[in-house]
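Every chain is numbered from 1, with letters handed out A, B, ... down the list of sequences. The model shown is predicted, which means the values in this text are computed figures rather than measured ones.
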Amino acid sequence: MSDELKSSTPQTPDAEPAVSRSTVPIWIIVLTLMLLFLGMVYFDHHGGWFNSQVYGPYASSEELELYQPKSGEAAILARGKARYDQVCGLCHGVDGLGKPGQAPPLAGSEWVDTRGIQRFVSIPLGGVSGQLSVKGQTWSLSMPAMGAAMSDADLADVLTYIHSSWGNKQGPVTADDVKAIRAKLGAHPQPFTDETLKALPQ
Amino acid sequence: MSANETSGSGELSSFGGASSLSRSAVIPARRLVNSLVPPDNISPAEIDHSCCVPMLALFGGAAFWLVVCSVLGLVASIKFHAPDFLANCVWLTYGRLQPAADDALLYGFCLPAGLGVALWLLARLSQTTLRGIVVPIAAANLWHLGVFVGLAAILIGDGTGFAWLEFPRGGSVPIFFAYLMLALWATMIFAGRRERAMYPSQWFLLAALFWFPWIYSTANLFLVAWPVRGVAQAVIGWWFAGNLLVVWTGLIGLGAAFYFLPKFTGRPLQSHYLALFGFWTFILFATWCGIPPGAPVPVWMPTLSAVAAAWLLVPLLAIFLVVWQTVRGSIMPNWNNTSFCFIGAGVDSFLLSGLMLMAMACPQISRVTDFTWFGPAETQLRLYGFFAMTMFGAIYHLLPRVVGLEFPFPKLARAHFWLSLAGVALLVVPLAIGGVVQGLKWQNPNAIAFADTTKAMLPFLRVSTTGLLLMLLGNLLLFVNIMGLTLRWKLALLKQFTAFVKSPLAETSAGASLRDEKEAQA
Amino acid sequence: MKNGFLVFLASLIALGGSWCGFVLAPVLQLGGGKQTTILNSSGLYPVDRPGMANQGLQVYRANGCAACHTEQVQQSGVACDVVLTGAGKNPEVVTNLISSLKLNGLDKDLADALVDKITAAGGKAEIRIVATGPDIDRGWGRRHSVAEDFLYDDPVQLGNLRIGPDLADVGMRQPDANWQLVHLYAPQSEVKGSAMPPFRYLFRVKKIGSAPSPDALAFPKDFGPPAGYEVVPAPQAQELAVYLLSLHADVPLHNAPFSQSAAVFKP
């Protein structure tokens, strides 16, 4: 056998190799655990959580929803929702179901889910105080005029959103509607009570 | 008979209460395994000799396909410098040549050579001879037939269109069954082994035997036979390519390296537990590294692949430690051992291509390297620099021992080593650097036109074509050596046969009585 | 490990895991073959290609075009552009305001704040979503490729190397069939210094008969056949051209949103 091909081991030329039994160095185990943790964190942030709609460069379905272009009605609803969540949702709930001891529900409420919008628009423009019955329950709270500071367009968006969410199926409220009702109520309207609200036309 | 059989019958009596059905199932299986257990004291030379013909069949064909791959790859590479080169021949258009070259390397050389080395390693580590060699020989011939049909199909335009899976049914079915036959034979050798404790290489090789049938059948069923709809095809294609090119080649190559490196250096493999840790983490993590970042699929898939590629650092480190601790201090004394040099270079290429794989999966880097020549550079480094060179080292060691004859031109092995090393370096390094340059230029779409980036690649491609030429020369040397060895072996067989035919009458009983008479007279 | 069964078990767990993750799950999630609706419209996407284009896909596959061309656009990010849609009662105030602001390439919060500012000044503004990235800037597409783009492809030819440009949207970039055919016959005539080989075997050069045939290619100067001859595409070349012209992926979808451009108000 030529030199180039002969193995240069001192033991018997064709013995099978042996294997030692020393232990695995601990640092490689530690490194493995660290990498496993960091990898899982990375997947949590960038993996879209197995959602079939999330493609790179989006990292989550929330981010994808954020960048959906809006047009027409969808835009109004999106704006209205954003404003509602900011201003009204704190008390009435982001889901419109109200919070006991704080604010009555808006979903299916007889003050909201009506074709006529006089009372519906007046409430945020004037506020409410005293006892009010909503869906068979009596609420005794006071609501400030949350809509008084908003522009006509913004309030219209919010009210349109409320009118078409959580099972409410009513039409949109336009900025002109809000403007007209605001003009009727005057600059600093008194908070409404049960009687004064019922005195308004539907 | 051997101790196993007596203990078997002793256990059998304790089964008295078991149902007759389980007993009748147990007896034949145990008898089959025991019949595979050979009598004591089989010498390594006997084991080697039993593998002779299947090895020649597998490696001879593999060396041929390697030369074919190099020629096809070289012609394809020349077309970059002269797009008109052979452009009128529909069979030699670049889009058919390059996949044919890739598949010739993978299915023509890598798989049969890997299976041959695995078969021999398992026979040696099980300390048992290879029996019933007609099956491995038939499998080898069936394999080469399948490769021939597959390559011809690609060149006539019948390729499936999936990367690394272009063989249509006429090629993939023979290959699949040939693999099953060889894997079954290797598993039976392993099942009948005398040494029950497993050496680390055996884990790697057994896992590889199991890996290929599953991924190959899945890929062919879901992509070619009953294709799935839409981009799921691409995902399955990437899964298959990753598992074949990274995991399967890694398992066979590392199994061979973990056997040969301790054997050549005379030191034990360091260590059993580190190799086990490397094995587990390698098969768990590398199998998920396939989906490229930015792929048109939901983002969880590329993210999983990216995370798995980052975790690949652990098995790479473990394997580096095993190899380094085993060969440290023994490199220079073994410098003259060509097989040692091949396998050492192979393991280095494995680690380097592993790092390149990790880099390509990292989003910041992939933004630059995606779709550039960096990807093919990593693949060529892995398939050729790591796997092929490890197989060369194994072949140069085992084939003379198996056949019982020296290579006709032993010094050409050294030349092959230098040509391969230089060839791989000249192929991979310019493509890798060029890929990065290409990617960086692409980041400026308003400043640099796309056609200019193609032109900027030409100098790099020139160097890589030279690398391919060197690799072709080296592969020709291997082919010449193996063919020469086969011829020598056949001539030796012929001599044996004619010697038997011409044997003098003195050997026969009639001649013996004649001789006795003559002595009595004298 | 002590016995082969444990090795088998380990391999089964490892390969089974990745099989579930990258074979089973994608087939379940993406293999259903459902169309999706175009954003802000009721149109369905994608629409199946005409038969000739599907045959062209087979020509594309048989000639290995995917070895040099990809069909997937990548997008590195998304940004908002704020666009004025009405000046309201005080156009000067609004124009003064926007002249000092950066209106392009913003992230969503900043864009929302700008819209509020403009609305407060009396104007009307909208946010346009645009995709960003080198591929987008190069005009190779308006958004990244998604699974729906490849719904009717068999086999899906994504490609993984860009020796030539990306073809996902080439039907929009080069909608002229003659350009595609001339480029296939003599790539250097349309793209200087192109590395693409000429696919002359997909065409026939024949003598001009009594009248030039309607399919004959119109070449740029200096690249045509000799006088008296014309180049006519064979059926395979025509199918390939129809396929290339059918490649466009420029509609906004829910998973790849962008704003279709609309009239921009100029005060």
Side chain to side chain, Ser20(A) and Thr326(B), heavy atoms closer than 4.5 Å: no

Using non-hydrogen atoms only, which part of Pro200(B) is less than 4.5 Å away from chain A: side chain, backbone, both, or neither? side chain

State, to 0.1 Å, how close Met40(A) and Trp311(B) come at their nearest heavy-atom pair, and which atoms those are. N-CZ2, 4.3 Å

Flag the pair Ile29(A) / Phe277(B) as yes when at least one side-chain heavy-atom distance between them is below 4.5 Å, and no otherwise. yes

Select one option (side chain, backbone, both, neither) describing which atoms of Val299(B) are under 4.5 Å from chain A's heavy atoms. both

Interface moiety of Ala275(B) toward chain A, non-hydrogen atoms closer than 4.5 Å: neither

For Pro296(B), is it the side chain, the backbone, both, or neither that has a heavy atom closer than 4.5 Å to a heavy atom of chain A? backbone

When heavy-atom pairs shorter than 4.5 Å are enumerated against chain A, which of Thr303(B), Thr281(B), Leu317(B) gives the highest number? Thr303(B)

Counting heavy-atom pairs under 4.5 Å to chain A, which of Leu321(B), Val297(B), Leu313(B) comes out on top? Val297(B)

Count the heavy atoms belonging to other residues, nucleotides or ligands that lie under 6.0 Å from CZ of Phe409(B), then report whether that count exceeds 12. no

Would you find more than 12 non-hydrogen atoms of other residues, nucleotides or ligands less than 6.0 Å from Lys184(A) atom NZ? no

Any heavy-atom pair between the side chains of Leu36(A) and Phe285(B) that's under 4.5 Å? yes

Ignoring hydrogens, what is the shortest heavy-atom contact between Ala18(A) and Tyr199(B)? Give both atom names and the distance. O-CE1, 3.8 Å

Considering non-hydrogen atoms only, spot the tightest contact between Gln270(B) and Ser22(A) and give its length. OE1-OG, 3.7 Å

Heavy atoms only: give me the nearest Phe43(A)-Trp300(B) pair and the separation to one decimal. CE1-O, 3.8 Å

Taking every heavy-atom pair that is under 4.5 Å apart, which of Phe340(B), Tyr259(B), Phe258(B), Phe260(B) has the most such pairs with chain A? Tyr259(B)

Could you list which of residues 52-62 of chain A have a heavy atom closer than 4.5 Å to any heavy atom of chain B, in residue-number order? Ser52(A), Val54(A), Tyr55(A), Gly56(A), Tyr58(A)

